[in-house]
Amino acid sequence: MRAVRIDGPLKIDGQLDEEVYLNVPGAGDFIMQEPREGDQATEQTETWVFFDSENLYIAARCWDAHPERWVMTELRHDNNNIIDNENLSVALDTFHDRRNGFFFQTNPLGALREQAFTDEVNINSNWNTVWQVKSGRFEGGWTVEMAIPFKSLRYRGSGPQVWGINFRRIVKWKNETSFLTGVPRAYGHNGIFRASTAATLVDLETPAQSMNLELKPYAVSSLTTDYAAAAPFSNRFSRNAGFDFKYGLTRSLIADATVNTDFAQVEEDLQQINLTRFSLQFPEKRDFFLEGQGMFNFGGTRGNGNDVPILFFSRRVGLSQGQSVPVVAGGRLTGTVGKFGIGALNIQTDDKISAGAVATNFSVVRVKRDILRRSNIGLLATRRTPAADQSSSNAVFGADANLAFFRNLSINGYYARTATPSAKGDQSSYRGRFDYAGDRYGLQLEHLMVGDKFSPDIGFMRRSDFRRSTIGARFSPRPTSNRLIRKLNWEAGYDYITDSRRTRVENRQFSGTFQVDFDSSDQWTLDYTHDFEYLPRNFEIGPAVTLPVGGYDYDTVRMTYELGQQRRVSGRLSVATGTFYDGHKKEANLTSGRIALSARVSIEPGLTMNWVNLPYGSFKNRLMTARAVFTPSPRTLISSLMQYNASDHTMSSSARVRWEYVPGSEFFVVYSDGRNTSEAPVQGLVNRTVAIKVTRLLRF
């Protein structure tokens with residue numbers, strides 16, 4: 001595909017009425033991925049790439065025979081539901097390394113969604129940058145124009161460039177996906193991130209290097225009430241200011257710094273019911289930690305490894321016991337130098353007695369080297385050093401390899417050690433995984449070991465001191481004679497977990513799944529699991545209900561039906577029943593619920609209910625959530641969230657206004673409170689915060 005230089009900037013209005021669209025033919029002939037791999041797309045798409053001295057311009061004309069059937073229900077910036085609308089995406093492999101790049105997506109409403117990806121599979125969905133997009137409509141379909149400043153991208157340098165590029169169009173009303181180049185349907189929607197399948201973009205020239213400096217100051221003020229503090233207080237006023245600083249050492253190597261960081265705009269975490277003895281993981285949402293996040297992924301965990309240890313988990317920095325901890329200052333370096341990827345981070349936090357936090361320094365260094373066509377090897381080192389007690393410092397060192405062969409075969413592995421002066425035992429961990437992920441067949445083999453004293457203090461571990469062996473297989477035929485069913489899935493898996501020395505079996509699980517993917521994008525799933533679990537110590541699973549040490553066998557049957565997001569009312573409803581720790585459990589869940597009142601207004605309910613009857617006692621869990629969303633424009637959001645946990649007798653609510661008054665600069669108003677619905681220790685309002693924050697992006 002050819003990029004075409006234009007003399008002046010395009011007017012970004014989504015109309016495609018400039019003369020250049022008549023003189024330059026668009027690239028089209030999209031190739032279908034779903035439902036019939038390799039066929040020509042049933043709806044025509046034309047795409048263009050232009051550029052001038054400041055911006056890259058992406059434009060498209062999306063023909064459609066039935067615009068009255070369009071699915072258009074999402075306008076929120078960066079929301080996952082955009083993929084469940086009519087939408088167009090473009091992926092740019094700016095280093096042409098066939099591994100990494102940037103992703104931009106919109107729909108006929110003009111929604112904005114951007115992501116960064118590394119190694120084709122590590123997707124940073126929270127990455128943000130400055131760009132513009134407008135959509136328009138014509139008699140035969142819809143149009144789109146994007147303007148992406150070169151300052152918003154990373155690439156090798158100035159002058160003539162060769163990049164990778166691919167487009168993906170989803171016609172949601174007929175559940176059809178197509179790409180500019182052929183993408184195997186085994187890759188699914190994530191095929192847009194498979195840079196190795198992308199087209200080649202030529203004739204592009206990037207501008208001469210500018211100062212490449214960004215400064216983002218902020219000011220914030222808040223009123224806080226906390227009746228549960230050691231010294232209760234009400235309406236305490238505070239104010240603060242600071243800034244983030246970004247400097248491009250080169251176009252591909254970026255230095256960031258933060259001074260007196262504040263996180264007032266961060267969304268509240270969604271609560272979860274946990275009936276296991278292991279920790280829950282919550283995602284990172286703070287802006288400073290999001291850029292370059294994929295560079296620090298280690299060992300093929302993709303940021304969420306379940307039982308696989310995550311050696312660097314940024315939520316360990318600036319958060320403790322559910323409270324924010326002052327971040328005094330920090331710096332980060334991320335980018336590429338030739339075939340090497342580099343990531344370095346150093347953060348200094350301060351004391352906060354109420355959160356049990358002391359002043360601590362956090363350091364992380366990551367180096368990766370591209371090998372073969374789509375593979376890499378790398379090293380990672382972290383260190384956590386409390387200022388008051390050097391003997392409690394902790395360090396981690398690890399090496400990993402991520403190897404990709406042919407179209408669907410990958411092998412991942414790592415070896416890591418921690419160094420904690422007071423620990424006596426095995427401080428090592430290693431993992432090896434084989435994964436064949438074809439469209440019709442799948443096979444996974446894995447072995448993971450975590451030593452009894454392996455402890456990455458800047459990381460996340462769901463469990464410790466174990467050795468796990470896993471095998472999984474899948475068969476996914478596609479009926480050709482059934483217009484209602486698109487795909488069937490049979491899956492089976494077996495997990496075998498012992499302690500790290502193999503002296504005791506801790507878990508065995510056999511699972512079987514049957515799933516039907518309907519042509520409408522609905523799904524029906526039936527799961528069966530048989531578990532054995534050994535409890536090494538007494539486990540308080542519910543209020544006044546404690547399970548004694550010992551081994552337990554139990555079985556669970558679960559049925560799930562998911563209504564596609566193209567419907568006005570959608571969500572995932574599941575019910576389950578079975579034995580549970582010598583007793584019985586029933587559960588009902590509603591997740592990803594959504595009632596689309598319009599493209600700008602929606603309500604998102606959620607419900608988790610458990611009924612547990614055990615020989616040692618019985619209890620119920622009830623967690624209800626409701627989010628209301630109003631999106632006046634793609635850059636303005638008003639939302640509220642209420643969460644009621646009947647089991648813990650707590651209720652929380654929050655409201656958040658976000659206005660991006662110019663691209664990259666934001667105004668926030670945030671309200672949150674927590675309430676106790678029981679008699680003690682504090683009945684009614686427990687805490688409350690109101691905060692106002694303003695940021696301003698300055699680019700030089």
Side-chain angles (χ1 to χ4, degrees), residues 121 186 274-281 299-302 304-310 403 408-414 429-452 454 461-477 487-517 523-536 539 547 550-560 574 576-582 584-585 587:
V121 292
N274 185 13
L275 292 180
T276 75
R277 55 193 172 95
F278 306 115
S279 301
L280 296 174
Q281 180 186 353
T301 60
R302 305 182 187 179
N304 184 358
N306 296 319
D307 283 348
V308 182
I310 298 174
L403 309 176
N408 301 309
L409 180 63
S410 63
I411 300 174
N412 308 106
Y414 76 78
S429 175
Y430 55 82
R431 177 196 190 213
R433 179 179 174 89
F434 170 94
D435 197 339
Y436 176 78
D439 181 63
R440 188 174 178 84
Y441 301 101
L443 178 65
Q444 299 83 39
L445 301 169
E446 181 183 65
H447 184 74
L448 170 67
M449 196 287 292
V450 176
D452 61 323
F454 182 79
M461 289 204 310
R462 182 172 176 265
R463 65 188 299 169
S464 60
D465 185 18
F466 71 98
R467 185 182 297 268
R468 187 185 77 187
S469 298
T470 303
I471 182 171
R474 172 179 53 82
F475 175 53
S476 306
K487 190 177 183 180
L488 301 173
N489 290 277
W490 282 273
E491 295 186 43
Y494 182 71
D495 280 352
Y496 183 78
I497 302 176
T498 69
D499 64 329
S500 60
R501 295 183 177 86
R502 297 192 180 96
T503 60
R504 181 179 63 234
V505 176
E506 295 195 346
N507 292 86
R508 289 191 305 265
Q509 183 187 79
F510 170 78
S511 62
T513 301
F514 174 63
Q515 179 176 296
V516 181
D517 293 354
Q523 286 185 341
W524 178 81
T525 307
L526 182 66
D527 292 298
Y528 167 76
T529 59
H530 173 76
D531 288 272
F532 167 81
E533 181 174 0
Y534 178 80
L535 296 181
F539 171 41
L547 300 172
Y552 299 85
D553 285 282
Y554 48 93
D555 300 88
T556 304
V557 177
R558 181 186 309 275
M559 185 171 65
T560 304
S574 68
T577 185
T579 54
F580 190 64
Y581 292 113
D582 288 344
H584 293 84
K585 182 182 73 168
E587 63 178 83

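FYI, side chains are in, hydrogens and waters are out, and symmetry mates aren't considered; it's all heavy atoms of this structure. Position 1 is the first residue of the sequence, and the numbers go up from there.
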Original post:
Would you say the side-chain atoms of R558 and T560 include a donor-acceptor pair closer than 3.5 Å?
Top reply: no
[atom1] of [X] to [atom2] of [Y]: how many Å apart, nearest 0.5 Å?
{"X": "E506", "Y": "E533", "atom1": "CD", "atom2": "CD", "answer": "9.0 Å"}
{"X": "F510", "Y": "D555", "atom1": "CZ", "atom2": "CG", "answer": "11.0 Å"}
{"X": "M559", "Y": "T577", "atom1": "CE", "atom2": "OG1", "answer": "11.5 Å"}
{"X": "D531", "Y": "F580", "atom1": "CG", "atom2": "CZ", "answer": "9.5 Å"}
{"X": "F532", "Y": "Y496", "atom1": "CZ", "atom2": "OH", "answer": "9.5 Å"}
{"X": "S410", "Y": "Q444", "atom1": "OG", "atom2": "CD", "answer": "9.0 Å"}

Original post:
Please walk me through it: do T470 and R468 pass side-chain hydrogen bond (donor to acceptor under 3.5 Å, both in side chains)?
Top reply: CA-CA 7 Å; T470 303; R468 187 185 77 187; 3.3 Å; yes
Are the side chains of [X] and [Y] in touch, meaning some heavy atoms are under 4.5 Å apart?
{"X": "V308", "Y": "L448", "answer": "yes"}
{"X": "L488", "Y": "W490", "answer": "yes"}
{"X": "P477", "Y": "R440", "answer": "yes"}
{"X": "R467", "Y": "H447", "answer": "yes"}
{"X": "V557", "Y": "L526", "answer": "yes"}
{"X": "V450", "Y": "R463", "answer": "no"}
{"X": "F434", "Y": "I471", "answer": "no"}
{"X": "H584", "Y": "T579", "answer": "yes"}

Any idea which heavy atoms bring [X] and [Y] closest together, and the distance?
{"X": "A186", "Y": "G438", "result": "CB-C, 3.7 Å"}
{"X": "K487", "Y": "S476", "result": "CE-CB, 3.4 Å"}
{"X": "Y414", "Y": "P309", "result": "OH-CD, 3.4 Å"}
{"X": "D307", "Y": "F466", "result": "O-CZ, 3.4 Å"}

Original post:
Hey, which of T513, L443, N489 is the one that makes side-chain contact (heavy atoms from CB on, under 4.5 Å) with R474?
Top reply: N489
Original post:
Would you say S429's side chain and M449's backbone share a donor-acceptor pair under 3.5 angstrom?
Top reply: yes
**OP:** Applying side-chain contact (heavy atoms from CB on, under 4.5 Å), name anything that partners D582, two or more places apart in sequence or on another chain.
**Re:** Y552, P615, Y616
Original post:
Which word best sums up how the rings of Y581 and Y554 line up, parallel for under 30°, tilted for 30 to 60°, or perpendicular for over 60°?
Top reply: tilted
Subject >> More than 12 heavy atoms from other groups under 6.0 Å of CZ on R504 >> reply: yes
